[in-house]
Amino acid sequence: MPPWPASRWARRMLPPVAGALPVLAFPAPALWWLAYAALVPWLLLLRAAPSGRAAALAGWSGGTGFMLAMHHWLMPNLHVFIVLLAALLGLLWLPWGWLVHRLLGGAPGPGRLAAAMLLVPSGWLLAELVRSWEYLGGPWGLLGASQWEVRPALRLASVGGVWLVSFLVVAVNTALVALAALPRARAAALPALVSVAAATGAAWAWAPRPEPAGHTRVAVVQIGETQSRQERFARGEELTRRLAGRDPDLVVWGESSVGYDLADRPALVRRLSTLSRLTGAPLLVNVDARRSDRPGIYKSSVLVDERGLTGQRYDKMRLVPFGEYVPARSVLGWATSVGRAAGEDRRRGEEPVVMRAGGLRFGPLICFETAFPDMSRELTAEHARMVVAQSSTSTFQHSWAPEQHASLGALRAAESGRPVVHATLTGVSALYGPGGERVGASMGTGTSAARVTEVPLASGTTLYVRLGDWTVWLALTALAAYGVAEGARAARARRARSRTQLSATAPVRR
């Protein structure tokens, strides 16, 4: 077992570096295979800690490193504030560090390894669950999302969502630690790895698959980088005209493609309806503007056909902290002076919407919302046959963010059994079939074009749509049971000590 670092510098630096290592499994590096061993150095440090307190602190600093590396591209917007946010979110791994030390420290045997194979992934899932709350930043960078290109992992996502993939990835890392550093538990580690492989094989063979149900032709208009909202609209028009005669069923523009409230701009609505007549398809545009019928700025998916506004509109419900609003602005409003945080809070929508274009029912999501598994799941439960995500990562155009964001569509498609169209303003735009497989060619950040892709549709539902977040509930139940057992053990130990002390102080009768 590697010794606990002797120098203070090493004790401070090694945990955050080890915590940052799993980020290389995500786009842009996309070393997906690394995820299955990337936690091993961190786990070895935690089990080697001299005390539970030291392990908890190493869990915190490792979590800080993970969060900082995962969101490093936010630095231009938040500056030093991103370090503070990473440290606050890193606290979620503090109890995980203690738990790892408790279960894997010392010389555990097969029984303790069996408990660790359940509880270490459960503790990791608890940290992912808490940070997935939208007001804490949302579920960007869940460990299972690194497996978006791996077909067996996508099949697992159809059973238990991205949560099940995260759980099993951490379980594999835990078993590798046993093989590397736990001599008494090595014999049990191999069956544990075989069990993970068997679970994956069972999901591949027996999990229900959505049945093919025809195709639809979707045109994605990626406008590209422009300098003003007028140029943006004009470029969208120009690209959409090129779709004439190509018979799309739906034309999708990216997030913030329209910088005006269409209800107050009949001339712009006429221009869009002309494009609808020209292409023979309704247009789903995205409006980022102050509304004329109510106070505040909204981001909205708006459907326009040849007759004008259809009345079908979805207002974004989950907003990006600091990017679209400042949490507790009265306290944290100073963030606008040190970075490019939102100067004015955008308003939230109230409910999801399933739209209809001809015979196609689809559910729109906007940008950050594709990170949330429950949103596409709810749209599928409401009988959407396709999920359309309108996005823009133009602020982070030359970072890892565009590719990370586009990859989320594969997970949402696999979970829901519905195709996902990820249409962006400036790239990366991508389309995924009902199993999470890529459909057609993606459009990178250097592309300004309009492309039509035949997207496969499906009927039926996945186990994840039917059963929901059962993996999370299993993890929480396991952790609660462990907490009760540990509490009972501690109570018995206290009673035993008390009896010993009473016996030692009792008077001796002669």
Just say parallel, tilted or perpendicular for the rings of His72 and Trp400, cut-offs at 30° and 60°.
perpendicular
Within this structure, what is the CZ-NE2 distance for the pair Arg412 and His422, rounded to the nearest 0.5 Å?
12.0 Å
Check this for me: Arg307, atom CZ, are more than 12 non-hydrogen atoms of other residues, nucleotides or ligands nearer than 6.0 Å?
no
Nearest 0.5 angstrom please: Leu84 CG to Thr64 OG1, how far?
10.0 Å
Under the side chain to side chain contact (heavy atoms under 4.5 Å, CB included) test, which residues partner Trp133, sequence neighbours left out?
Tyr135, Leu136
Of all the heavy-atom pairs spanning Thr174 and Val120, show the shortest one and how long it is.
OG1-CG1, 3.6 Å
Taking side chain to side chain contact (heavy atoms under 4.5 Å, CB included) as the definition, give me every residue that meets it alongside Leu126, ordered by chain and number, with sequence neighbours left out.
Val130, Leu476, Leu479
For Ala199 and Leu156, which heavy atoms make the closest approach, and how far apart are they?
O-CD2, 4.2 Å
Is there a donor-acceptor contact under 3.5 Å from the side chain of Ser394 to the main chain of Gln397?
no
So which of Glu369, Glu134, Glu324 actually passes salt bridge (charged side-chain N to carboxylate O under 4.0 Å, His left out) with Arg348?
Glu134
Non-neighbouring partners of Arg438 that pass salt bridge (charged side-chain N to carboxylate O under 4.0 Å, His left out), sequence neighbours left out:
none
What distance do Thr370 atom OG1 and Arg318 atom CZ have between them, rounded to the nearest 0.5 Å?
11.5 Å
With a cut-off of under 6.0 Å to the ring centre and 45° to the axis, is Arg377 in cation-pi contact with Tyr464?
yes
Who pairs with Ala449 by side chain to side chain contact (heavy atoms under 4.5 Å, CB included), at least two apart in sequence or on another chain?
Met443, Thr447
Is the closest side-chain heavy-atom distance between Tyr314 and Ile366 below 4.5 Å?
yes
Evaluation steps, side-chain contact (heavy atoms from CB on, under 4.5 Å), between Val252 and Gln390:
CA-CA 8 Å; Val252 185; Gln390 296 174 293; 4.0 Å; yes
So which atom in Glu415 and which in Thr462 form the shortest heavy-atom distance, rounded to 0.1 Å?
O-OG1, 2.5 Å
Does NZ or CZ of Arg209 come closer than 6.0 Å to the centre of the six-membered ring of Trp204, within 45° of the ring's axis?
yes
Fit a plane to each ring of Trp93 and Trp42, take the angle between them on a 0 to 90° scale, and name the class: parallel (under 30°), tilted (30 to 60°) or perpendicular (over 60°).
tilted
Strictly distance-based, threshold 3.5 Å: is any side-chain N or O of Arg155 a donor or acceptor partner for the main-chain N or O of Ala207?
yes
Side chain to side chain donor-acceptor pair (under 3.5 Å) involving Ser416 - partner list, sequence neighbours excluded:
none
State the SG-CG distance between Cys367 and Asp288, to the nearest 0.5 angstrom.
10.5 Å
Output for pair (Leu283 CG, Glu306 CD), nearest 0.5 Å, gives 11.5 Å
Please give me the minimum heavy-atom distance between Val428 and Ala406, naming the atom from each residue.
O-CB, 3.7 Å
Qualifying residues under side chain to side chain donor-acceptor pair (under 3.5 Å), relative to Glu237, sequence neighbours excluded
Arg271
Run the side-chain contact (heavy atoms from CB on, under 4.5 Å) test on Trp163 and Val165 for me, step by step, so that the C-alpha distance in whole Å, both residues' side-chain angles and the decisive distance to 0.1 Å come before the verdict.
CA-CA 5 Å; Trp163 311 108; Val165 184; over 6 Å; no
Do Thr393 and His405 have side-chain N/O donor and acceptor atoms under 3.5 Å apart?
no
For the residue pair Leu239 and Ser448, establish whether any side-chain heavy-atom pair is separated by less than 4.5 Å.
yes
If you round to the nearest 0.5 Å, how far is CG of Leu474 from CG of Leu125?
9.0 Å
Heavy atoms only: give me the nearest Gly141-Arg131 pair and the separation to one decimal.
O-NH2, 2.8 Å
Report the C-alpha separation of Thr310 and Asp305 in whole Å, then their side-chain angles, then the decisive distance to 0.1 Å, and conclude whether the side-chain hydrogen bond (donor to acceptor under 3.5 Å, both in side chains) test is met.
CA-CA 7 Å; Thr310 65; Asp305 65 14; 5.9 Å; no
Heavy-atom closest contact (Asn286 atom, Ser256 atom, distance)
OD1-N, 2.9 Å
Does any part of the side chain of Leu275, heavy atoms only, come nearer than 4.5 Å to the side chain of Arg241, both counted from C-beta?
yes
Test log, rule salt bridge (charged side-chain N to carboxylate O under 4.0 Å, His left out), inputs Arg291 and Asp315:
CA-CA 11 Å; Arg291 290 183 64 161; Asp315 296 323; 3.0 Å; yes
